[in-house]
Asks: 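The structure follows.
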Amino acid sequence: MSAPFSQSCAESLDGALHRIFGFRSFRPNQEEIVRALLAGRDVFAVMPTGGGKSLCYQLPAVLMPGAALVVSPLISLMKDQVDGARANGIRAAFLNSSLAAAEQSAVLRSLQSGQLDLLYVAPERFALDHFRELLLRSRISMAVIDEAHCISEWGHDFRPDYLALSTIPELLPNIPVAAFTATATERVQHDIARKLRLRDPFVLRASFDRPNLTYEVRFKEAGEGQLVSILKGFAGQSGIVYRTSRKSVNDTAAMLQKRGFRALPYHAGLDDHERRDNQEAFIRDEVEIIVATVAFGMGIDKSNVRFVIHADLPKSIESYYQETGRAGRDGEAARCILLFAQADIPKVRFFIDAMQDEAERQRSLDSLSKVIAFASATACRRRMLLDYFAETYPRDNCASCDVCLGLHELTDCTREAQMLLSAIVRTDSRFGAAHLIDILVGSKNQKIKDFGHDRLKVYGIGKEHDKKFWRRLIDDLIARKAVGRSEGLYPMLYLLEGGARILRGEERVELVRITEKKSAATRKSAGLEALPPDAKRLFEELRKVRKRLADEQGVPPYVVFSDKTLVELSDIQPTTPEEMLAISGIGEVKLARYAEPFLEAIAQHKAR
Ligand code: ADP
Ligand code: MG
Ligand code: ZN
């Protein structure tokens, strides 16, 4: 190991944090990691998405002599990271196949002449002899492996290229090696540390709790109305809608466009061009909504994603956690909504049943049942998620999931359940949900007449409830095994033992109802939502300034300022550069670059 780097006593670490990044304080664990690296020690850190991993190496990279090598798996991610670092005045560059030969030489020259703090490189470089030789002739401060789980076959994103990284400690024995990942499983963790041959690393496993995310599970309604109304509530904010199939992605995106939302599709079936353009449009705040399969997300660092909606069942708890994790990286409040219907389960089961590999089929089934348990339970969602990662949530009430917010209200629906069950019995268990509901609400359609079902005793007795209610109840009765559903294209409902007990009055049925109004009132408001109306208007104006500056510089808006910074600017409304410096996210370089246009917009707003 090289002699530990001792920081000049002129500036404290907090001082450097504020000068370079404009942040008032470290997030949990950041300071320990920064100090370990400055002391020349290897680091292995597992921190959730949005935990602030980049800063852990970017700050020491600036303070230490020489350039830090950062290995990162995706070209798009590298560019965004470099844009972000440069916006803070850090001397950063990247090296990958997207650069022309002349550009690559220019980057290598600046590395050799000591003009870089940070160099992002693709993993495959380390297999090239001339690159390895060049590293020996350059001053390198440390090696950072971002998304380090890519080295593990057990992870969800194995990249064979990453295996070459295990030679780094041999090649550059005198610099610290730091591995970062957001993958939570123990198995992957051990694998990473072993493969990278870390030497007595400083190991950090952060909590996987994401306190700024609110988790909600809602009963999924048929039709498009529900999604549309949820999205209306997020007007103007960025978010992701996840769907399972390419077709449903296309259909949903088209439906939303028709209804006036700025939405684009994303899935592996689109050609490269369109996929990239759609992703860019989302990152640059040109559309608010991206409707996507799970193929979307890994390549983006967009920090101002305010909501993630799962309109279909996620594959596993792990993937649900990773996908919702893309919300609220900037630390501002964000919402994760899972739309869940029992009726979706057979579709997923159908795919799983078709799997050839028996072991894989078992794993998928197991994952699915955990997702169902998560969505059906009425225990704290956050606690359940953390439990899954073997972490115990310390409080009884998280105050930011549908359960803890008390959005569930139990209502006795035994009478209604009996109506439905007796409709099933009276029609000899030969009909599906839609027709049974038609009977109960007294529909006058042809099929009802053809079967003479308008003469049944139960015809129209459930009028006081709408069809949505009845769907919900059927779903619930299926879930509690009071009613069964036949296989096939037109599934018919029939009674199970539990249903017979309900019909005989031996068992009660209580339905959980989501109380929307309460939901708005109880949610702890923070950030943008908590701003007074005047400040909200200013926020909108500042957002336009941000977009204009970002476009001029060819970077995503969140690279200029995060949502958090805009919220603080709108709230405090500084009038001088000094006041502006006190805002989170504004360091020396951003102040010099952006103080003028933003102060002007604030002054104009005040003059109105
Ligand atoms: P990760 O790589 O762990 O997912 P990032 O490094 O992308 O997270 O950081 C997520 C967001 O948090 C970024 O917008 C970053 O600017 C912000 N951030 C990081 N550290 C701090 C801090 N100490 N104070 C405020 N914001 C921070
Ligand atoms: Mg990251
Ligand atoms: Zn909770």
Side-chain angles (χ1 to χ4, degrees), residues 13-14 16-18 20-31 33-34 45-59 70-74 77-78 80-81 84-85 87-88 90 120 144-149 180-183 204 206 208-217 297-305 322 325-332 334 336 374 377-387 393-408 522-524 556-566 568 583-587 590:
L13 224 43
D14 281 333
L17 177 72
H18 190 260
I20 301 164
F21 296 93
F23 296 144
R24 285 186 286 259
S25 55
F26 284 104
R27 290 238 181 105
N29 309 310
Q30 284 180 325
E31 184 171 356
I33 296 172
V34 169
V46 186
M47 282 165 95
T49 305
K53 292 184 280 296
S54 319
L55 186 136
C56 295
Y57 57 81
Q58 290 185 347
L59 179 57
V70 185
V71 182
S72 172
L74 289 173
L77 224 109
M78 273 188 222
D80 284 0
Q81 293 263 344
N88 284 320
I90 300 174
Y120 285 83
V144 178
I145 323 292
D146 202 7
E147 314 289 348
H149 56 275
F180 291 92
T181 177
T183 290
L204 192 134
F208 272 75
D209 184 25
R210 298 283 311 275
N212 59 319
L213 302 190
T214 303
Y215 300 99
E216 295 163 66
V217 179
M298 166 75 177
I300 59 161
D301 259 354
K302 184 177 167 70
S303 72
N304 62 334
V305 174
Q322 298 296 347
R326 286 156 194 154
R329 279 181 180 229
D330 51 12
E332 287 288 280
C336 312
F374 171 80
T378 43
C380 172
R381 312 280 175 205
R382 185 177 309 276
R383 172 179 292 278
M384 283 191 282
L385 283 176
L386 292 175
D387 268 354
Y393 185 66
R395 282 184 289 155
D396 286 336
N397 187 309
C398 81
S400 51
C401 78
D402 54 347
V403 177
C404 291
L405 286 169
L407 306 184
H408 294 243
T522 338
R523 186 165 295 123
K524 45 170 195 231
Y558 66 82
V559 164
V560 173
F561 281 148
S562 70
D563 274 13
K564 188 185 173 68
T565 302
L566 286 201
E568 278 195 28
I583 305 272
S584 173
I586 306 185
K590 285 195 177 175

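Keep in mind that the numbers below use all heavy atoms, side chains included, and drop hydrogens, waters and symmetry copies. Order of listing sets the numbers, starting from 1, for every ligand and every atom in it. Starting from 1, each residue takes its place in the sequence as its number.
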Asks: Mind checking what makes side chain to side chain donor-acceptor pair (under 3.5 Å) contact with Gln30, not counting sequence neighbours?
Replies: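 Residues passing side chain to side chain donor-acceptor pair (under 3.5 Å) with Gln30: none at all.
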Asks: Not counting sequence neighbours, which residues clear ring pair (Phe, Tyr, Trp, His ring centres under 6.0 Å) with Phe374? List them please.
Replies: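 Ring pair (Phe, Tyr, Trp, His ring centres under 6.0 Å) list for Phe374, sorted by chain: Tyr320.
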Asks: Does the plane of the ring in Phe180 sit parallel, tilted or perpendicular to the ring in Tyr57? Use 30° and 60° as the thresholds.
Replies: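 Ring orientation, 0 to 90° scale: tilted.
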Asks: Between the protein and ligand 1, are there any N or O atom pairs that come within less than 3.5 Å of each other, and if so, what are their names and distances?
Replies:
residue  : atom   : partner : partner atom : Å
ligand 1 : 3 (O)  : Gly51   : N            : 3.4
ligand 1 : 3 (O)  : Gly52   : N            : 3.1
ligand 1 : 3 (O)  : Lys53   : N            : 2.9
ligand 1 : 3 (O)  : Lys53   : NZ           : 2.8
ligand 1 : 4 (O)  : Gly50   : N            : 2.6
ligand 1 : 4 (O)  : Arg329  : NH1          : 3.3
ligand 1 : 6 (O)  : Lys53   : N            : 3.3
ligand 1 : 6 (O)  : Ser54   : N            : 3.0
ligand 1 : 6 (O)  : Ser54   : OG           : 2.7
ligand 1 : 8 (O)  : Gly52   : N            : 3.3
ligand 1 : 12 (O) : Arg27   : NH1          : 3.1
ligand 1 : 12 (O) : Arg27   : NH2          : 3.1
ligand 1 : 12 (O) : Arg329  : O            : 3.4
ligand 1 : 20 (N) : Gln30   : NE2          : 2.9
ligand 1 : 23 (N) : Ser25   : O            : 2.9
ligand 1 : 23 (N) : Arg27   : N            : 3.4
ligand 1 : 23 (N) : Gln30   : OE1          : 3.1
ligand 1 : 26 (N) : Arg27   : NH2          : 3.4

Asks: If we ignore hydrogens and angles and just use 3.5 Å, is the side chain of Arg326 paired with the main-chain N or O of Ile300 as donor and acceptor?
Replies: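 Looks like no, no N/O pair under 3.5 Å.
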Asks: Any donor and acceptor pair, going by atom type alone, linking the side chain of Ser584 with main-chain N or O of Phe23 inside 3.5 Å?
Replies: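 Side chain of Ser584 to backbone of Phe23, a donor-acceptor pair under 3.5 Å: no, none is there.
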Asks: Would you mind telling me which of His149, Glu147, Lys53 makes a side-chain hydrogen bond (donor to acceptor under 3.5 Å, both in side chains) with Thr181?
Replies: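 With Thr181 as partner, His149, Glu147, Lys53 yield a single side-chain hydrogen bond (donor to acceptor under 3.5 Å, both in side chains), made by His149.
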Asks: Yes or no on side chain to side chain contact (heavy atoms under 4.5 Å, CB included) for Arg210 and Tyr215, after CA distance, side-chain angles and deciding distance?
Replies: CA-CA 10 Å; Arg210 298 283 311 275; Tyr215 300 99; 4.2 Å; yes
Asks: Identify which protein N/O/S atoms are less than 2.8 Å from the Zn ion (ligand 3).
Replies: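 You should have found Cys380 SG, Cys398 SG, Cys401 SG, Cys404 SG.
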Asks: Apply side chain to side chain contact (heavy atoms under 4.5 Å, CB included) to the pair Leu385 and Phe208, showing each step before the final yes or no.
Replies: CA-CA 9 Å; Leu385 283 176; Phe208 272 75; over 6 Å; no
Asks: Taking side-chain hydrogen bond (donor to acceptor under 3.5 Å, both in side chains) as the criterion, tell me which of Asp330, Asp301, Asp80 meets it with Tyr558.
Replies: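 Going through Asp330, Asp301, Asp80 one by one, the side-chain hydrogen bond (donor to acceptor under 3.5 Å, both in side chains) with Tyr558 is satisfied by Asp80 alone.
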